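Report on one structure; see the data block that follows.
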There are 2 protein chains.
Amino acid sequence: MASIKDVAAEAGVSVATVSRVLNDHPSVSADARARVLSAVGALGYRPNAVARSLRTDQTHTLGLVISDVMNPYFTELARSVEEEARALGYSVIIGNADERPDLQDHHVRNLLDRRIDGLLVSPTDGGSPLMLDAARAGTPMVFVDRWIPGVDVPVVRADGRTAVRDLVAHLHGLGHRRLAIIAGPAATTTGRERVEAFREALGAYGLELPDAYIGQGDFQAESGRRVTEGFLDLAEPPEVVFAADNLMALGALDAVRARGVRVPDDIALAAFDDIPWFVHTDPPVTAIAQPTGELGRAAVRALVARIEGRPGESVTLPARLVVRRSCGEPYPASPEPDPAQAPAVQHPAKNRSHT
Amino acid sequence: MASIKDVAAEAGVSVATVSRVLNDHPSVSADARARVLSAVGALGYRPNAVARSLRTDQTHTLGLVISDVMNPYFTELARSVEEEARALGYSVIIGNADERPDLQDHHVRNLLDRRIDGLLVSPTDGGSPLMLDAARAGTPMVFVDRWIPGVDVPVVRADGRTAVRDLVAHLHGLGHRRLAIIAGPAATTTGRERVEAFREALGAYGLELPDAYIGQGDFQAESGRRVTEGFLDLAEPPEVVFAADNLMALGALDAVRARGVRVPDDIALAAFDDIPWFVHTDPPVTAIAQPTGELGRAAVRALVARIEGRPGESVTLPARLVVRRSCGEPYPASPEPDPAQAPAVQHPAKNRSHT
DNA sequence: CCCGTCGATGTAATCGATTCCACGAGTTCC
DNA sequence: GGAACTCGTGGAATCGATTACATCGACGGG
């Protein structure tokens with residue numbers, strides 16, 4: 001592969017001049033510039049990003065460590081992150097932690113070794129020493145979706161508290177009194193917060209959240225299935241199951257279908273995170289939608305600000321309830337409900353760029 | 001951040017010795033090794049991968065350019081690619097082309113600039129000059145899922161021909177005679193092949209595939225919706241719509257739902273690519289399942305073989321039909337059909353590692 | 001006419017690693 | 001006892017870029 005020396009030789013100038021042309025430094029003669037450009041074209045030369053990074057100590061690359069690529073929520077997040085980063089002149093390297101702290105560490109270490117300019121993390125646990133050290137050592141970092149308390153790093157996330165209250169109001173209005181939740185790992189903020197918000201919202205209606213109605217999941221489908229089976233085996237099964245993410249909701253659907261239980265007649269189902277498929281499941285699933293694209297973009301902006309020496313602030317955006325049929329609401333006869341009716345939006349797909 | 005010089009100073013040896021310890025070169029005394037290791041620990045030193053890559057001309061990194069991250073099929077592919085690559089000591093950088101040739105080029109260029117060791121591509125088009133040049137210039141490359149004819153690059157893909165024949169047999173057996181397809185872009189091999197396989201299978205039953213029943217899609221949801229609306233507007237609408245990928249099937253579902261048309265009573269639906277959600281849609285969707293994980297792993301093995309100077313062969317694996325309810329088959333009364341019955345598998349989710 | 005300034009260019013140091021080569025000390029073998 | 005080897009080590013070149021500094025010619029002002 002041609003190097004800058006080959007270009008210099010071909011153009012009959014020094015490597016310094018070639019470099020100046022490439023970085024369009026002002027003091028190059030029109031003649032030299034033309035000769036360099038034509039040599040570049042003739043050789044099909046492309047600057048070696050590795051060498052450039054070594055010299056300038058900048059990779060123009062962001063690392064993104066997400067909890068699970070197979071989760072459509074994170075997939076959409078990754079997409080918006082890459083889009084915004086590209087617009088700002090950065091590339092993104094994605095590391096998939098698969099909800100495993102050891103894998104998360106592997107990717108953080110790998111990204112740090114590659115000297116990425118900044119790190120975007122959605123931590124799977126309370127924070128490995130590695131990540132905390134990196135943050136302390138001054139690696140520009142931003143948490144997205146989940147975060148680690150007590151670390152001085154901006155956080156970009158959605159606040160689901162209000163939406164969870166709306167959900168509980170909706171469920172209570174439908175006459176449900178025994179509500180259960182499939183929680184995420186206690187080591188994650190979202191794992192804890194969603195349970196807390198749920199408990200708090202129940203409290204407002206004088207309802208309890210007994211331990212038997214808190215199933216411990218891990219944000220993956222299999223755990224949703226397992227926990228739901230446990231709920232169905234109880235002497236007094238819950239009337240509603242609220243899954244703290246969309247994959248556990250998928251697992252819950254697997255479980256109820258395997259048992260021949262009907263939704264919402266026998267049991268109601270709701271989920272945190274809205275995805276396009278929820279419109280077409282049987283029945284369509286009531287869910288809490290996060291402004292995923294906005295979160296990704298805001299996170300990148302905050303991170304790039306940090307990298308470039310500007311402040312870089314935390315951002316919290318509201319999530320909102322999307323009511324469908326899985327909790328038993330009398331559904332409008334027309335295929336499309338009144339779009340003006342709040343807080344309900346029928347087709348999240350319509351907000352997505354490919355749709 | 002500490003460099004190899006700092007470690008050398010701390011340990012009282014030369015940088016050469018430090019490097020030898022790090023790459024466990026045999027000729028280092030036990031004493032020197034111990035001193036270096038403790039210096040490494042004390043300083044929290046990690047070798048700079050950028051500098052190392054510059055010197056060794058190896059990045060231990062694979063580039064993966066996929067057509068669309070939001071497509072669960074590619075998401076699963078990416079996951080298995082990363083897994084296998086990690087097992088073989090490589091990292092993966094993913095570029096999402098979003099079915100856009102210009103974006104694909106952007107990522108290929110970016111990856112080449114970063115001097116990745118090899119490239120895994122699922123081309124969105126007939127092949128940009130950039131990619132063809134890279135292949136000719138000797139960049140180790142492997143095509144996965146889709147490929148470009150006439151280029152000397154191994155191809156790892158699934159053959160859907162048999163499964164499509166099974167599908168048409170199934171549809172014909174149910175009495176359907178007017179079958180339509182939502183095709184992918186003609187610039188892609190999968191876009192063309194699936195139409196051809198479908199036409200051929202129809203031919204075996206003496207059925208035609210008229211132009212009006214070939215809708216031009218682009219593998220994204222919105223095109224599936226648009227094409228399906230076109231089909232429904234025909235004087236003689238098809239009895240079956242076969243979507244060439246899962247996102248267009250989602251779009252088709254959107255369209256039929258918006259019209260209040262029932263599946264499978266008014267129109268049947270089938271899709272290429274099976275995903276976990278198809279089990280829970282209303283109705284469950286009959287689909288052709290690819291051995292996605294196997295494809296990803298085989299592609300990585302072929303690419304790494306090429307990188308390391310070994311042959312690296314093309315691989316073709318069979319896809320298979322998974323019958324569900326969306327085409328109108330009388331569904332067994334029990335929630336689970338007999339698993340021995342071929343060619344049908346009910347829960348693709350069970351084959352996925354997180355389930 | 002001479003000197004200071006400016007624009008264009010080249011030389012060489014540098015980034016952080018790897019690795020070839022040379023060197024000194026200790027062994028082995030004749 | 002000395003030649004030939006081995007082993008552990010350090011010095012220095014190298015990868016491909018960027019950039020501070022030096023140089024040189026042209027030009028304008030006094």
Side-chain angles (χ1 to χ4, degrees), chain A residues 1-37 39-40 43-61 89 109-117 137, chain B residues 1-37 39-40 43-61 89 91 109-117 137 139:
Chain A
M1 197 155 246
S3 84
I4 196 170
K5 272 188 204 156
D6 304 317
V7 176
E10 173 86 10
V13 297
S14 72
V15 294
T17 300
V18 176
S19 176
R20 281 191 270 260
V21 171
L22 264 34
N23 298 285
D24 45 33
H25 186 290
S27 104
V28 190
S29 69
D31 175 58
R33 161 166 283 113
R35 292 220 308 287
V36 167
L37 258 22
V40 164
L43 297 173
Y45 168 76
R46 294 247 82 212
N48 184 326
V50 175
R52 196 199 289 257
S53 292
L54 176 60
R55 183 59 235 251
T56 61
D57 202 33
Q58 289 184 27
T59 50
H60 276 279
T61 301
R109 201 185 327 270
N110 181 30
L111 292 165
L112 255 22
D113 285 355
R114 297 180 115 80
R115 302 300 192 265
I116 43 119
D117 293 342
Chain B
M1 196 154 247
S3 85
I4 196 171
K5 272 187 207 157
D6 303 316
V7 176
E10 173 86 9
V13 297
S14 73
V15 295
T17 300
V18 176
S19 176
R20 285 189 194 101
V21 172
L22 264 35
N23 297 285
D24 46 32
H25 187 290
S27 102
V28 191
S29 67
D31 175 60
R33 161 165 286 113
R35 292 221 308 287
V36 167
L37 257 23
V40 164
L43 297 172
Y45 168 77
R46 293 246 82 212
N48 184 327
V50 175
R52 196 200 290 257
S53 293
L54 176 60
R55 183 60 235 250
T56 62
D57 202 32
Q58 289 186 27
T59 50
H60 276 279
T61 302
S91 311
R109 202 183 327 269
N110 181 31
L111 291 166
L112 256 23
D113 285 356
R114 296 179 117 77
R115 300 302 192 265
I116 42 120
D117 293 341
T139 308

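These numbers were taken from a predicted model, which means no experiment stands behind them. In what follows, every heavy atom counts, from backbone to side chain, and hydrogens, waters and symmetry copies are set aside. In what follows, chains are A, B, ... by sequence order, proteins preceding strands, each numbered from 1.
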Tell me every residue that passes side-chain contact (heavy atoms from CB on, under 4.5 Å) with [X], counting only those two or more places apart in sequence or in another chain.
X        : answer
A/Arg109 : A/Asp105, A/Asp113, A/Leu130, B/Arg46
B/Asn23  : B/Ser19, B/Arg52
A/Leu54  : B/Val50, B/Ala51, B/Leu54

Query raised in the report: Given atom NZ of A/Lys5 and atom P of D/dA17, what is their separation to the nearest angstrom?
Result: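 It works out to 10 Å between those atoms.
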
**Report entry** Integer-rounded Å distance: D/dT18 P and A/Asp24 CG
**Finding:**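 Distance check: A/Asp24 CG to D/dT18 P gives 11 Å.
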
Excluding sequence neighbours, so at least two apart, what forms side chain to side chain donor-acceptor pair (under 3.5 Å) with [X]?
X       : result
B/Asp31 : B/Arg35
A/Arg33 : none
B/Ser91 : A/Asn110, A/Arg114
A/Ser53 : none

Query raised in the report: How long is the gap from CE on A/Met1 to CG on B/Asp57, to the nearest 0.5 Å?
Result: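 Between A/Met1 CE and B/Asp57 CG, I get 10.0 Å after rounding to 0.5 Å.
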
Query raised in the report: Rounded to the nearest 0.5 Å, what separation is found between the CG atom of A/Leu37 and the OH atom of A/Tyr45?
Result: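 OH of A/Tyr45 is found 12.5 Å from CG of A/Leu37.
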
Show me the donor-acceptor pairs, under 3.5 Å and distance only, between side chains in residues 2-12 of chain B and residues at least two apart or in other chains.
residue : atom : partner : partner atom : Å
B/Ser3  : OG   : B/Lys5  : N            : 3.1
B/Asp6  : OD2  : B/Ser3  : N            : 2.7

Report task. Tell me which residues in residues 7-20 of chain B put a heavy atom below 4.0 Å from DNA chain C, sorted by number, or none. Result ->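 Close to the strand are B/Ala16, B/Ser19, B/Arg20.
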
Report task. Taking only heavy atoms on the protein side, list every residue of residues 43-60 of chain A lying under 4.0 Å from any atom of DNA chain C, sorted numerically. Result ->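 Heavy-atom contacts with DNA chain C come from A/Leu54, A/Arg55.
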
Report task. With a 4.0 angstrom cut-off to heavy atoms of chain B, pull out the first and last contacting nucleotide of DNA chain C, in 5'-to-3' order. Result ->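 Contacts span C/dC15 to C/dC20, reading 5' to 3'.
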
Query raised in the report: For B/Arg115, does its backbone N or O pair with a side-chain atom of B/Thr59 as donor and acceptor, under 3.5 Å?
Result: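 Here the side-chain-to-backbone pair exists.
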
Requested in this report: Would you confirm whether A/Asp117, through its side chain, and A/His60, through its main-chain N or O, come within 3.5 Å as a donor-acceptor pair?
Outcome: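 Indeed, once roles are kept as given, a pair shorter than 3.5 Å links the two residues.
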
Report task. Check every strand shown and say whether B/Ser29 touches a base, only sugar-phosphate, or nothing at a heavy-atom separation below 4.0 Å. Result ->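 Touches sugar-phosphate only.
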
Could you write out each protein N or O paired with an N or O of nucleotides 24-28 of chain D at a distance under 3.5 Å?
none

